[in-house]
Each structure stands twice: as C-alpha cells, then as structure tokens.
Amino acid sequence: MLRALNRFKGAIQKRYFSDDFILDEIEEPPNKPEKPSEVVRLLPISKHPIFPKHFIRFRLSPENFKFMVSDQSSTLVSAFILKPKDDVKELESQLSLNSIFPLKGIDSVYTIGSICTTSFNKFDRTITLKPVNRTKLIEVIEPSTAEIPFPLVKLQHYDETPQQARSEEDKAILKLLAQQLDELRTLLSPQELTTLELFAQRFNMKYEEDFLNYVGVILSYMCDTAKVQNIFEPDTFSMRLKLTYELVQEHVQMRNSMRKLQDEAQAKMQKASEEHMYKEILSLIKNKLGYDKDEKETLKIKYSKNLEGKNVPQHIQKIIDEEMGRLMMTDKNSSEFHVIRTYLDWLTCLPYGVQTEETIDLKKAREVLDRDHYGMKDVKERILEFIAVSKLKGSSTGKILCFVGPPGVGKTSIAKSIAEALNRKYHRISLGGLDDVAELKGHRRTYIGAQPGKLITALKQAGSENPVILIDEIDKVGRRNFQGSPENALLEILDPQQNFSFNDHYLDTTVDLSKVLFLCTANFPDDINPVLLDRMDVIRVQGYTAEEKSNILNRHLLPEIINKCSLSDKSEKYEITEPAKEVLIRDYCREAGVRSLQKIVTRILEKITKKIVEGVEEKIVVTPENLITFAGRPEHAHSKIYDITPSGVVMGLAYTSMGGSTLYIEVAKSKFTGDETEGKVQITGNLKQVMSESVHIAYTFAKKLASEKGNNFLDKHSIHIHVPEGATPKDGPSAGITITTALLSLAFDKPVIPDLAMTGEISLTGKVLPIGGLKEKIVAAKRDGVKRVIIPKQNKYHWDELADILKEGIEVSFVEEYSEVFKIAFNNSL
Ligand SMILES: Nc1ncnc2c1ncn2[C@@H]1O[C@H](COP(=O)(O)OP(=O)(O)OP(=O)(O)O)[C@@H](O)[C@H]1O
C-alpha cells in the first residue's frame with residue numbers, strides 16, 4: 001500500500017474521476033479542535049458514511065448554501081447517512097453529485113455519523129466536509145423549518161485516539177485483511193485501482209486505525225450503504241476490524257464468482273466468433289479453389305445415377321430439374337441447401353418405371369402356398385381364384401384382399417407367400433395405433449425434419465413400382481382427429497380410381513400407386529370403417545384345431561426353429577415326444593393361432609441348445625412329465641369351471657378376437673329391494689352393448705315361456721346374470737339361447753343335461769338365428785370336453801364344411817325354434 005502511495009505522490013492536484021466523487025486538493029487534515037462542540041447542525045447525506053480522514057464535497061441548493069454560509073455555527077457540522085429508502089434512490093438518480101437531502105424525520109438517518117469541519121466554495125456552491133470524529137446523535141435541539149433547513153442536534157463524540165496495544169487475534173486479522181485486500185486489487189478494473197490508490201494518499205498506513213478507515217472508504221464505494229454503515233458504527237477497534245474483514249472477504253468472494261462467470265461468457269463468445277470466422281474463411285477458400293462447385297457437381301452426378309434407367313414422369317422430372325437449379329445457386333452452408341438436398345434424395349430414389357416381372361402362374365402359386373402353409377384350404381382356394389382372374393385380366397392389381405382372423409393364424413405370412421408366388425417385392429406397413437395422417441401421407445416440407453409418409457417409404461424400400469404392400473392391422477387404425485383422418489387417406493390409397501395420382505405432402509407432387517398390389521389384414525372386421533370394408537374382398541382365416549396345430553408344428557414351425565437354433569445336424573441328441581407336443585398344444589397354447597406355440601417351442605429348443613452346448617452327454621428327451629422344466633407352467637388353466645352344471649348355469653360358445661372359447665352363463669335369483677312388484681335384471685361380467693341387449697331379449701322371452709308353462713318364478717324374483725372372466729370384453733348376440741336356457745333352468749330349478757354347449761341368437765318370438773365363427777367355437781368346445789352342441793339350423797352348411805376329425809365325438813343338434821333347444825337341454829322332462 002505504501003508502494004502504491006509513493007507511486008502516486010505528486011498526483012494531479014485536482015482531479016475528477018467519477019461522476020459522484022471529487023478528490024479535493026491534497027492538504028493536511030485540519031487541526032483537530034481541542035474538543036469539538038457537541039451541539040451542531042445535522043446534514044443528512046446519501047450513500048456512504050464519511051470515514052475519518054476522508055473528505056467529501058457536496059453541492060448545495062442556492063438557499064441552503066446561503067443559509068450555511070451565513071450561519072455562525074456552521075464551521076462544524078455533523079453528517080448522518082439517510083437510511084436507504086426508495087425515495088432516496090429516486091432523488092439520487094436525479095442528482096449526479098453527492099447530495100444533501102431535506103430531512104423528513106430524525107428516524108430517517110442512522111444514529112452514528114461524523115462530526116466534520118466545513119469549507120465553502122461560493123463559485124460552484126459546494127461545501128467540503130472534513131471529518132474530525134465519529135459521533136452519536138443524542139437529541140434534536142432545534143428542528144428544521146422552512147427558513148432553517150438543517151436541524152440543530154446534540155451529539156456525543158467517539159474517542160478516536162489511536163491505540164497501539166492490540167490483541168494477538170487483532171494482529172492476525174489485520175494480516176488476513178491485508179491479504180484479502182491484495183486479492184481484491186487483482187479483481188479490480190484499472191479505473192477502480194487508480195481510485196483506490198489515490199485514496200491511499202490520505203491515510204497514514206502506519207496507524208492501524210488509518211488502515212481500517214482506508215479499507216472502510218474503499219468498501220463504501222463498492223458495497224451497500226447498510227453494510228458499510230455496519231462497519232462504520234462499532235466503537236471498539238476489534239469489532240470494527242472483524243466486521244470489516246468479513247465484509248472484504250464477502251466482497252472478494254462475490255467478485256471472484258462474477259469474474260468466473262464473466263470469463264465463461266467471454267470464452268463462449270470468443271469460441272462462437274472464432275468458429276464463425278473459420279467457417280467464413282473455409283467457405284471463401286473452398287469457393288476460390290472451386291471445391292464448393294465440386295461438391296455440388298458430385299451431388300449432381302449422384303442424382304443422375306439415381307435416375308439412370310428409370311422412366312421418370314414428366315411432372316416429376318420438371319421438379320427435379322428446378323430443384324437441381326436451386327441447389328446449384330444455394331450456399332452449401334445454408335439450411336436451405338440441406339432441405340433441397342434431402343428433397344432431391346427422396347425424389348430421385350423412387351422406382352419410376354422399375355417393375356419386377358409379374359408371373360401369374362397358378363401351378364407355381366399353389367406350390368408356394370402349399371410349401372409355406374399347412375391347411376388353410378379355403379384361403380388358398382380364394383387366393384388361387386384371385387390369381388386365375390388376374391391371369392385373364394393380365395394384372396393382379398385393382399382388387400384388395402383383406403385377410404380377417406384371430407392373431408397368429410398366418411394372415412401376414414400368407415401375404416408374403418402371395419408376393420413370392422407373383423414375383424413381386426414385399427413390404428409391410430403396420431397401422432396398429434396409427435392416428436396421424438402425416439404418417440401415411442408425409443409432413444409438409446416446411447416442418448423441421450419433415451419426411452415422406454409410409455407409402456413413399458415402402459416404394460423406396462421395395463425398389464419397384466409394383467410391390468405387394470401389406471397393410472397390417474387395418475382395423476386398428478385411428479379414427480379422425482384434429483390432424484386429419486387416416487381412414488380417409490387409406491380410402492384414397494386403396495381406391496384404384498384415385499391411387500394412380502397419390503399425393504404425398506412431403507413430395508408435394510403425385511406418385512403412381514396403381515401398380516401396387518395392396519393386401520390387408522385385420523383381427524376384427526367389425527372395427528374396419530364400412531366404406532373401406534366395402535372396397536375389399538374379405539377372406540376369413542380361421543383358427544386351427546389341435547390336429548391342425550400339431551401338423552403345422554411338425555411340418556413348418558419345428559423345422560424353422562430347429563434351423564434358427566442350428567440344431568439341424570444334432571437330431572440324435574434330443575427329442576420332443578408326440579405326447580409332449582400334445583400337452584403343449586392342449587395346455588400351453590389354447591389360442592386360435594400358432595404364435596404362442598411357436599414361442600414356446602422356440603423356448604424349449606433354446607433350452608435344449610444350451611444343454612447341448614454345455615456338453616450334456618445323454619439324449620435330451622422332452623416328455624409330458626418333464627415339460628415344466630423346459631416350458632414353465634402352462635398359462636392357461638382348464639377353462640371348465642363346472643364338471644356338472646347346476647341349475648341356472650349353462651355353457652355357451654363365444655368367438656372373440658383371440659379365437660373361439662367356451663363361456664358359462666350364470667343366473668341367480670336376488671331378493672326384491674324396497675317396494676318392487678316386478679322382477680328386475682342385473683348384469684355383470686363386462687358385457688358390451690349388443691350382448692346386453694341380447695340379455696334383455698332372452699329375459700323377456702324366458703319370462704313368457706315360463707309363464708306359458710305355469711311358472712311365475714321370473715315375475716316374482718329379481719335376477720342377476722353374470723358371465724365369468726370379467727376381464728375379457730364380450731360382445732355379439734350369439735349367447736341368446738344360452739341366456740334363455742340359463743334363466744329357465746333357474747326358474748324350473750332344473751339343471752341342463754351334462755356336457756352340453758350351445759350357441760345361437762334368439763329373437764323376441766323365439767326364433768334361433770345364425771352365428772359366426774363356428775369352427776373356432778367347435779374347436780373350443782372340443783377342447784373343453786363338450787359332447788353335445790346345439791347350433792342354429794342356418795349354420796348347418798358351416799358344420800358340414802368342418803373336417804371330420806373336428807366333428808368326431810360331438811353330437812350336434814340343429815335348431816330353428818327355441819322350443820327345440822328347451823326339449824334337448826332339459827331332456828324332454830319339462
Ligand atoms: N397354416 C400355417 N402353416 C404354417 N405356418 C403357419 C400357419 N399359420 C401360421 N403359421 C405361422 O405362424 C406364425 C404367425 O403367423 P402370422 O404372423 O402370419 O400371423 P397373423 O395372422 O398375421 O397374426 P397377427 O394378426 O397377430 O398379425 C408365422 O410364423 C407363420 O408362418
């Protein structure tokens with residue numbers, strides 16, 4: 001500090017270095033009066049307390065200046081800091097120099113201030129305050145008035161005599177304070193540093209009090225008024241030193257973090273500007289050397305190669321040419337360049353005029369279909385008919401086949417076989433859960449990251465204009481929403497009248513889809529939009545019987561899985577016995593298709609592979625007894641929950657999206673509640689609307705029939721109808737005769753004959769109407785040990801078409817009227 005002081009010896013005599021502060025002429029501090037007067041005027045000042053040996057000049061208003069100059073007592077005044085308030089800040093912002101403010105009340109100033117000598121400069125109406133001592137405000141003797149702007153106050157002065165004997169702690173803190181001050185100097189701007197060093201000239205650093213006052217002055221220009229006043233007030237040296245040290249430390253920390261943030265921000269900005277500069281230089285160099293042009297030329301060559309041998313439609317060629325021109329003109333580093341480039345990538349990669357030669361050969365088609373799929377007689381016949389018609393027509397397009405059936409029955413894989421049979425490329429689009437039309441028709445190019453829709457992607461991937469595109473799960477496509485209707489887009493895609501000019505939003509031009517052969521699959525035709533369904537030829541793919549599953553397993557699934565597990569040449573090391581396969585089909589895979597059978601057999605063969613790799617010597621034989629160790633526990637428990645059905649319980653047959661299943665209808669009486677005079681029906685078991693309606697029809701009919709037979713049970717009791725397995729939603733009218741029979745069984749308190757199951761819709765007059773999914777229902781009935789089934793007479797031809805092996809062991813009764821059901825179910829005993 002002393003070095004700094006010497007450096008600045010002979011500093012400019014009068015110097016302005018901040019708008020707020022005027023360093024006055026260097027002069028010796030005034031002689032301290034023997035004992036300063038204790039009754040003086042109070043000058044309320046702003047910003048910071050005046051530390052001993054530091055002096056400040058203020059500008060006064062003309063009236064105040066006149067008053068002060070004429071006032072006899074004003075050779076000595078006291079200066080007190082106004083407590084920071086909003087209006088003080090406001091006043092400060094209006095005045096650039098340190099100011100003396102009107103005093104609103106004695107409470108608005110801090111009670112510790114300075115007693116100062118004064119000197120006036122009438123040229124610029126300023127008063128210089130030179131502090132003598134710190135002082136405490138005791139009371140107001142004469143308050144301020146309109147004529148007397150500054151009140152007369154009584155004070156009690158501090159004793160500022162330097163004390164040399166310091167405690168060890170004080171000495172240590174003084175050392176630390178000096179260190180902190182050194183650190184602070186490293187964090188200051190050059191202008192701040194100059195100010196700091198100029199202040200140093202006023203203090204004699206030999207004295208610790210002077211050093212502390214000097215630090216106080218520095219802080220008063222850097223910290224809040226309240227904080228500075230806090231270090232100004234204590235009357236003991238130790239306390240002032242401690243508080244001053246803490247404030248310096250806090251300020252240094254704050255400056256350090258600010259410096260860090262500033263450095264980080266600066267580094268970031270510098271990096272960004274350097275990057276920008278290098279890019280500019282690079283692009284200038286590339287431009288000069290012609291590299292830029294080279295890259296564009298390379299793209300041009302790539303696009304012409306993409307289009308080689310293709311028969312690009314005129315309207316698309318025009319767009320390609322235009323976009324090529326734009327590409328050449330656009331700066332390679334601009335975002336626009338990338339947009340045009342991606343667009344051209346798509347436009348040039350589509351297979352314009354590229355086709356595979358279609359073979360419409362019935363014999364080959366039959367071979368392929370038989371090779372890949374067991375059974376499916378009807379489906380294969382329908383496909384061959386379709387191919388035969390295509391042969392005469394000269395093309396297979398124009399008609400849309402839709403394969404409908406439960407999961408895992410081979411709908412997707414038969415579509416693949418059709419593609420192979422016709423020598424067309426194959427691509428599958430899954431619509432499950434799709435609800436954004438843009439996924440089918442693309443996003444407009446104005447979107448960031450826009451892409452064409454699934455159809456254009458399919459054409460690109462197929463690489464030919466005439467692939468088979470399988471639209472999978474068309475029944476699961478989302479309905480209309482705010483983004484548009486995917487169903488409408490499908491109508492446009494599948495309609496031969498429209499799809500020769502399919503408009504993709506991204507390509508923003510029309511593409512010909514008329515040569516594509518569209519095939520669709522669905523689990524539930526009822527969920528397909530009727531307008532869409534109308535355009536399709538529906539081919540029902542039925543579920544498989546246990547025998548069919550067994551054949552599919554042995555002929556197709558097993559060889560395929562064995563091949564995948566690389567077990568083809570290790571057949572002597574393992575065996576899955578026929579009884580084990582039977583248990584697998586019966587207990588593990590009860591659904592209509594064969595997908596879970598495929599999964600479980602894969603799991604078993606993987607376990608076998610692991611054992612072989614581990615070096616198990618003996619032959620691994622999978623039998624019904626050890627099946628659990630290979631396949632785990634069967635997920636399906638036996639669905640037969642009654643061995644003998646009691647009164648009020650009858651077995652029905654249902655067809656769900658998962659295939660056929662047996663289901664029990666349970667009916668129980670419940671008491672009348674309140675003042676009911678007529679029976680009511682309560683339904684539980686997750687029944688959807690059609691089935692609930694069916695319950696009401698059955699109830700009305702059963703009531704009528706019962707009373708005709710002299711039984712008024714149903715009139716006198718409320719009824720609860722339940723269909724167990726509530727987690728599965730049930731719909732469809734085919735439980736009509738089953739519900740009626742269950743109601744009558746309860747009413748007459750007579751169980752139906754054993755091992756009976758029935759299916760059929762009932763009308764209000766007792767007619768039995770036909771049902772769907774007979775094959776699946778019979779498969780389920782057989783699986784659950786049903787010996788006798790009642791089905792509508794109108795379904796007889798479906799029954800006749802069933803394989804003999806499926807009908808074996810089941811006695812069937814075809815009925816037209818409910819009265820026939822009644823007779824069979826209750827064995828003519830009512
Ligand atoms: N009749 C069959 N002959 C040979 N393999 C079959 C037969 N039916 C199904 N598969 C095989 O079963 C597996 C599942 O069939 P696929 O994926 O075609 O069923 P899916 O009906 O399309 O089911 P989803 O409705 O769930 O899509 C395939 O590996 C398929 O080859």
Side-chain angles (χ1 to χ4, degrees), residues 365-384 400-421 426-434 454 468-477 518-528 533 536 538-565 581 584-585 588-606 655-660 773 775-776 779 801-803 805-806:
R366 191 185 288 276
E367 273 169 20
V368 174
L369 292 177
D370 285 341
R371 184 197 66 198
D372 294 342
H373 296 88
Y374 172 82
M376 303 179 97
K377 215 173 113 212
D378 292 353
V379 178
K380 286 177 187 167
E381 276 313 306
R382 287 285 300 277
I383 294 170
L384 290 172
I400 295 144
L401 299 183
C402 180
F403 298 101
V404 171
V409 290
K411 302 182 294 296
T412 312
S413 68
I414 202 114
K416 232 186 237 174
S417 301
I418 294 176
E420 191 188 329
Y426 168 83
H427 188 86
R428 173 174 160 266
I429 296 175
S430 179
L431 297 193
L434 182 143
K454 282 184 187 264
V468 166
I469 295 186
L470 176 71
I471 302 186
D472 214 358
E473 303 188 330
I474 198 163
D475 51 339
K476 313 268 183 336
V477 71
F518 287 105
L519 301 176
C520 306
T521 76
N523 291 134
F524 234 43
D526 296 357
D527 290 346
I528 304 177
L533 195 63
M536 299 171 186
V538 173
I539 299 180
R540 285 192 182 271
V541 188
Q542 291 171 336
Y544 298 116
T545 61
E547 289 72 21
E548 284 171 323
K549 281 185 187 172
S550 167
N551 276 310
I552 295 173
L553 177 64
N554 285 328
R555 294 181 195 201
H556 296 275
L557 303 183
L558 262 178
E560 207 177 283
I561 304 166
I562 288 171
N563 199 18
K564 269 193 199 151
C565 294
K581 289 179 194 166
L584 271 181
I585 292 168
Y588 287 74
C589 315
R590 294 163 69 98
E591 88 281 1
V594 290
R595 185 165 292 123
S596 60
L597 184 63
Q598 194 179 28
K599 275 193 209 152
I600 208 118
V601 173
T602 308
R603 202 189 305 160
I604 294 172
L605 283 171
E606 281 170 356
Y655 178 56
T656 67
S657 62
M658 292 299 291
K775 184 182 174 191
E776 280 80 6
V779 170
E801 280 178 354
L802 293 182
I805 191 148
L806 190 58

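Note that these values count all heavy atoms, side chains included, but never hydrogens, waters or copies made by symmetry. Remember, it's a predicted structure, so these values are computed and weren't measured experimentally. Both counts, for ligands and for their atoms, begin at 1 and track the order of listing.
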If you measure every N/O of Gly410 against every N/O of ligand 1, is any gap under 3.5 Å? yes
Does an N or O from Thr412, backbone or side chain, lie closer than 3.5 Å to an N or O of ligand 1? yes
Nearest protein heavy-atom contact for atom 3 (N) of ligand 1: which residue, which atom, what distance? Tyr374 N, 3.0 Å
Give, for atom CG of Leu519 and atom CG of Leu401, the distance between the pair rounded to the nearest 0.5 Å. 5.5 Å
Check this for me - ligand 1, Gly408, N or O atoms closer than 3.5 angstrom, yes or no? yes
May I ask you to check if ligand 1 and Lys411 share an N or O to N or O distance below 3.5 Å? yes
Approximate separation, where rounding is to 0.5 Å, of Leu558 CG and Leu597 CG: 8.5 Å
Under 3.5 Å donor-acceptor, Lys549 side chain and Val594 backbone: no
Numbered in order shown, the ligand 1 atoms found under 4.0 Å of a heavy atom of Gln598 are 13 (C), 29 (O)
Would one find more than 12 heavy atoms of other residues, nucleotides or ligands at under 6.0 Å from atom NZ of Lys599? no
Any donor-acceptor pair under 3.5 Å from Lys581 side chain to Leu553 backbone: no
shortest atom 12 (O) of ligand 1-to-protein heavy-atom contact is with Val594 CG2, 3.3 Å
Location of contacts on Val541 toward ligand 1, heavy atoms closer than 4.0 Å: neither
Give the atom numbers and elements of ligand 1 that come within less than 4.0 Å of a heavy atom of Met376. 1 (N)
Asn523 side chain to Gly405 main-chain N or O, any donor-acceptor pair under 3.5 Å? yes
Does a salt bridge link Glu381 with Arg366, judged by any charged N lying under 4.0 Å from a carboxylate O? yes
Using distance alone, decide if ligand 1 has a nitrogen or oxygen within less than 3.5 Å of any nitrogen or oxygen in His556. no
Under 4.0 Å from a heavy atom of Asn523: which atoms of ligand 1 are those, numbered in the order shown and with their elements? 25 (O)
Residue, atom and distance of the protein heavy atom nearest atom 7 (C) of ligand 1 read Tyr544 OH, 3.6 Å
Please confirm whether Ile552 approaches ligand 1 to less than 4.0 Å, judged on its heavy atoms. yes
Considering non-hydrogen atoms only, spot the tightest contact between Ile528 and Cys402 and give its length. CD1-SG, 4.2 Å
With respect to His373, determine whether any N or O atom, backbone or side chain, lies less than 3.5 Å from an N or O atom of ligand 1. no
Around Arg382, counting heavy atoms of other residues, nucleotides and ligands shown, do more than 12 lie under 6.0 Å from its CZ? yes
I need the atoms of ligand 1 closer than 4.0 Å to a non-hydrogen atom of Arg595, numbered in the order shown. 14 (C), 16 (P), 17 (O), 19 (O), 20 (P), 23 (O), 24 (P), 26 (O), 27 (O)
Which of the atoms in ligand 1, numbered in the order shown and given with their element, are less than 4.0 Å from a heavy-atom of Ser413? 18 (O), 30 (C), 31 (O)
Does Gly543 offer a backbone N or O that forms a donor-acceptor pair with the side chain of Glu776 under 3.5 Å? yes
Hey, is the main chain of Asp475 close enough, under 3.5 Å, to the side chain of Asp527 for a donor-acceptor pair? no
Yes or no: does Phe403 have any heavy atom under 4.0 Å from an atom of ligand 1? no
